[in-house]
2 protein chains.
Amino acid sequence: MSALSPLTPHQATIFNLLKTLESEVSAQMIYAELRQQKHRLGLATVYRGLKHLQLQGAVQARLLSNGEAVYSLVSEEKLYVTCVKCGISVPLAYCPIDEQVLPQALSLRFKIFYHTLEFFGLCSPCLEQETVA
Amino acid sequence: MSALSPLTPHQATIFNLLKTLESEVSAQMIYAELRQQKHRLGLATVYRGLKHLQLQGAVQARLLSNGEAVYSLVSEEKLYVTCVKCGISVPLAYCPIDEQVLPQALSLRFKIFYHTLEFFGLCSPCLEQETVA
DNA sequence: AATGATTAAGATAATGATTATCATTTTAAC
DNA sequence: GTTAAAATGATAATCATTATCTTAATCATT
Ligand SMILES: [Mn+2]
Ligand SMILES: [Mn+2]
Ligand SMILES: [Zn+2]
Ligand SMILES: [Zn+2]
């Protein structure tokens with residue numbers, strides 16, 4: 001996360017809220033929380049702000065199996081085990097890399113079917129558009 | 001993928017289609033393709049069949065950034081680079097593990113912001129329900 | 001074979017997070 | 001201060017997925 005382009009007050013508010021949270025949160029939850037704190041902003045602004053922060057490389061998103069996206073700061077490594085049936089997503093203590101050591105990293109018992117490793121960033125065309133605009 | 005519990009004709013059809021495909025496909029695409037092949041089945045049956053195969057550990061799903069799920073056989077390791085702006089998802093040739101070697105594995109140039117490693121399977125309660133029922 | 005129970009399937013409405021739209025306000029530039 | 005550009009709010013539209021409900025197969029038992 002290099003220098004962030006200037007944030008609007010609302011974007012900064014969203015960013016600061018994420019800083020205070022240790023867990024992932026959905027856009028809807030951010031919206032509800034900020035309204036609770038008497039911030040007068042719209043839901044669309046939350047989505048737009050999150051997208052902006054994501055394009056800066058400051059915020060990361062993860063899609064839950066129910067189709068909902070959860071957001072958090074780009075910082076420590078995130079590793080989860082997710083149940084394909086009920087969708088429960090349990091964070092792991094550390095990155096096992098090897099499936100053999102997974103049971104040690106996981107308190108609960110999971111029967112693992114598969115895993116995915118995915119990198120997120122900007123492709124060449126989009127990166128150019130970002131640097132220009 | 002151990003012994004599969006008996007599949008219905010429709011479930012077998014879906015499974016066989018996935019076997020013939022080398023790339024991931026959405027439920028909607030499976031539906032369209034099978035209808036094209038004059039199979040008379042409903043969209044809901046496709047979703048139910050995929051869910052069934054997923055619970056057997058035979059099929060895996062991945063959520064695209066547009067919220068659409070794509071399915072494939074549980075087999076070779078899947079690794080992708082996804083653009084946070086346009087959502088394009090490019091498969092990598094091999095598993096780099098280390099971010100340092102990522103550029104070598106990727107023909108296109110991506111600016112990587114973060115990555116996620118996620119395991120999928122059945123949690124204890126759901127596994128029990130599966131073995132019983 | 002007939003009966004009844006259980007599961008699968010089809011059709012379609014409902015869901016709900018996300019996105020698009022557009023009018024309005026705020027900010028920045030000159 | 002005037003004008004252009006960007007941000008915002010409110011709300012409608014989108015659309016993959018899920019839920020619902022009815023009908024059709026499938027299976028076990030007599
Ligand atoms: Mn791996
Ligand atoms: Mn890692
Ligand atoms: Zn579960
Ligand atoms: Zn892109």
Side-chain angles (χ1 to χ4, degrees), chain A residues 4-15 17 24-56 59-71 82-87 89 129-130 132-133, chain B residues 4-15 17 24-35 37-56 59-72 82-87 89 129-130 132-133:
Chain A
L4 258 60
S5 69
L7 300 178
T8 67
H10 280 160
Q11 291 167 356
T13 300
I14 294 169
F15 192 39
L17 175 60
E24 309 168 295
V25 282
S26 68
Q28 308 273 353
M29 291 170 71
I30 292 173
Y31 172 69
E33 172 62 23
L34 292 181
R35 296 291 294 219
Q36 201 67 219
Q37 298 178 13
K38 303 307 175 193
H39 286 98
R40 195 172 280 96
L41 85 173
L43 178 58
T45 301
V46 173
Y47 279 103
R48 282 186 288 234
L50 287 169
K51 188 69 180 176
H52 179 80
L53 291 167
Q54 213 183 348
L55 289 175
Q56 305 290 318
V59 163
Q60 65 181 298
R62 185 170 71 98
L63 280 170
L64 302 182
S65 54
N66 66 4
E68 191 179 34
V70 285
Y71 303 83
T82 301
C83 177
V84 293
K85 189 173 184 189
C86 68
S89 203
Q129 287 176 38
E130 281 300 302
V132 175
Chain B
L4 257 61
S5 70
L7 300 178
T8 67
H10 280 160
Q11 289 166 357
T13 300
I14 295 168
F15 192 38
L17 176 60
E24 308 169 295
V25 281
S26 67
Q28 306 274 353
M29 292 170 71
I30 291 173
Y31 173 70
E33 172 61 23
L34 291 182
R35 297 291 293 219
Q37 299 179 11
K38 304 305 177 194
H39 285 99
R40 197 172 279 94
L41 84 174
L43 178 58
T45 301
V46 174
Y47 278 104
R48 282 187 286 233
L50 287 169
K51 187 70 181 176
H52 178 79
L53 291 167
Q54 212 183 348
L55 289 176
Q56 306 288 316
V59 164
Q60 66 181 297
R62 186 170 71 98
L63 281 170
L64 302 182
S65 55
N66 64 4
E68 191 179 33
V70 285
Y71 301 84
S72 62
T82 302
C83 177
V84 293
K85 188 175 184 187
C86 68
S89 202
Q129 288 175 39
E130 281 301 301
V132 175

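Protein chains get the first letters and strands the later ones, always in sequence-line order, with residue 1 at the start of each.
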What integer distance in Å separates Gln11(A):CD from dT27(C):P? 13 Å
side-chain N/O Thr8(B) vs dA9(C) OP1/OP2, d < 4.0 Å: yes
Length of the CG-P vector between Leu53(B) and dA8(C), whole Å: 12 Å
Let's test this: given Watson-Crick or G-U wobble pairing with both distances under 3.5 Å, identify the partner of dA12(D). dT19(C)
Do any side-chain nitrogens or oxygens of His10(A) fall under 4.0 Å of OP1 or OP2 in dA7(D)? no
Please give, in whole Å, the distance from dG10(C) P to Leu41(B) CG? 5 Å
Does the structure show a Watson-Crick or G-U wobble partner for dT29(D), both distances under 3.5 Å? Name it, or say none. dA2(C)
Nearest to the side chain of Glu68(B), heavy atoms from C-beta on, is which of dT18(C), dA16(D), dT21(C)? dA16(D)
Rounded to whole Å, OH of Tyr31(A) lies from P of dT8(D) at a distance of 14 Å
Nearest-nucleotide pick for Tyr47(B), side chain only, options being dG9(D), dT18(D), dA11(C): dT18(D)
With heavy atoms under 4.0 Å as the rule, sort Arg40(B) into base, sugar-phosphate or nothing. sugar-phosphate
Could you check if a side-chain atom of Leu34(A) sits within less than 4.5 angstrom of a side-chain atom of Met29(A), using non-hydrogen atoms only? no
Whole-Å distance, His52(B) NE2 to dT7(C) C1', equals 12 Å
For Leu63(B) and dT18(C), give me the distance from atom CG to atom P, rounded to whole Å. 11 Å
Check this for me: Gln36(A), atom CD, are more than 12 non-hydrogen atoms of other residues, nucleotides or ligands nearer than 6.0 Å? no
Would a 4.5 Å heavy-atom cut-off, applied to side chains only, mark Val25(A) and Val70(A) as touching? no
As a test of reading the structure: which of dT18(C), dT21(C), dT17(D) is closest to the side chain of Arg48(A), going by heavy atoms? dT21(C)
Arg62(B) and Ser89(B), any side-chain heavy atoms less than 4.5 Å apart: yes
Want to settle it: does Asn66(A) or Pro9(A) sit nearer the 5' end of DNA chain C, counting the closest nucleotide to each? Asn66(A)
How long is the line joining CG of Leu43(B) and C1' of dA19(D), in whole Å? 13 Å
Mind calculating the distance between CD1 (Ile14(B)) and C1' (dA9(C)) to the nearest angstrom? 11 Å
Measuring from atom CD of Gln37(A) to atom OG1 of Thr13(A), what distance do you get when rounded to the nearest 0.5 angstrom? 8.5 Å
Give the nucleotide from the list dG9(D), dT18(C), dT17(D) with an atom nearest to the side chain of Ala69(A). dT18(C)
Nearest of dA20(C), dT12(C), dT18(C) to any side-chain atom of Ala44(A)? dA20(C)
